[in-house]
Amino acid sequence: MKQFKEPQAVSKAPKVSSGASESSQAKIAVSPVLFGFDEGAAVGLDLNDVVVFLNSFPNASLTLHGYTDPIGSDDYNMALSYRRADYIRERLLMSGVSKQQIFVKPHGENNLLVSAPEEPLASRDSLKSMYARNRRVEFEFKVSNASTLSN
């Protein structure tokens, strides 16, 4: 039986690189925010680079895609994925980003990065650890020239 160690729920600053001016091609790459099991909030989150980017490009928009692992009911996981994405949205709004720039899209347990194991795992904790990368919010940016940038 395999055992997995759960990565720590996020809280490093997202990695961001952006273009020099609004007329140039804007580029941004943001690492997904990871969440603990059954958690709707992330601790120590630093979204400053995202705030600077969105405030520098007022015609840019951001869709926050929330995801869960497959443990739990479909309805519960859909609601949890919304809470996760909305948590990030609220942090951005509190930092001065315009609400017209931010959209939330819950996906529940769809688009798993880690699927069910082929072999039985040693424990429920091992299963929760294995699924840790599924518990995330991804960032998708659209800039005024209609290009889409996502992680």
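In what follows, residues are counted from 1 in the order of the sequence shown. These numbers come from the heavy atoms of this one structure, side chains and all, not from hydrogens, waters or symmetry mates.
The nearest pair of heavy atoms linking A42 to V33 is CB-CG1, 4.0 Å. Nearest heavy-atom pair across A85 and V104 is CB-CG1, 3.5 Å. Counting all heavy atoms, side chain and backbone alike, R136 lies closest to R84 at N-NH1, 4.4 Å. Between M78 and N110, the shortest heavy-atom contact is CE-ND2, 4.4 Å. Annotation for N55 and G96: closest pair OD1-O, 3.5 Å, computed over non-hydrogen atoms. Shortest non-hydrogen contact noted between L92 and V51 is CD2-CG2, 3.7 Å.
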Run the salt bridge (charged side-chain N to carboxylate O under 4.0 Å, His left out) test on R83 and D86 for me, step by step, so that the C-alpha distance in whole Å, both residues' side-chain angles and the decisive distance to 0.1 Å come before the verdict. CA-CA 5 Å; R83 281 197 318 270; D86 192 55; over 6 Å; no

Could you walk me through whether N134 and T68 pass the side-chain contact (heavy atoms from CB on, under 4.5 Å) test, one step at a time? CA-CA 6 Å; N134 293 323; T68 66; over 6 Å; no

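Figure legend: R91 and Y87 shown as a cation-pi pair, the cationic atom lying under 6.0 angstrom from the six-membered ring centre and within 45 degrees of its axis.
V30 places none of its side-chain heavy atoms less than 4.5 Å from the side chain of D49. Considering only heavy atoms from C-beta on, Y131 stays 4.5 Å or farther from F37 through its side chain. With a 4.5 Å cut-off on side-chain heavy atoms, Q101 and K99 do not count as touching. Residues F139 and L47 form a side-chain contact, since some pair of their non-hydrogen atoms from C-beta on lies under 4.5 Å apart. In this structure, L54 and F141 have side chains that are in contact, with non-hydrogen atoms separated by less than 4.5 Å. The side-chain heavy atoms of D38 and Y76, taken from C-beta on, include a pair separated by under 4.5 Å. With contacts defined as side-chain heavy-atom distances shorter than 4.5 Å, the pair L62/F103 does not qualify. A heavy-atom distance below 4.5 Å is found between the side chains of I102 and L64.
A salt bridge links D125 and K128; the closest N-O separation between the charged side-chain nitrogens and carboxylate oxygens is under 4.0 Å.
In this structure, OG in S81 is found 9.5 Å from CD in E109, a value given to the nearest 0.5 Å.
Between the side chains of N77 and Y82, not a single donor N or O lies within less than 3.5 Å of an accepting N or O. Under 3.5 Å, the side chains of S126 and S129 contain no donor-acceptor pair of N or O atoms.
For residues 104-123, every residue pair satisfying the ring-ring contact (aromatic ring centres under 6.0 Å, His included) rule, not counting sequence neighbours, is listed here: H65-H107, Y67-H107.
Every side-chain hydrogen bond (donor to acceptor under 3.5 Å, both in side chains) that Q100 has, sequence neighbours left out, goes to S98.
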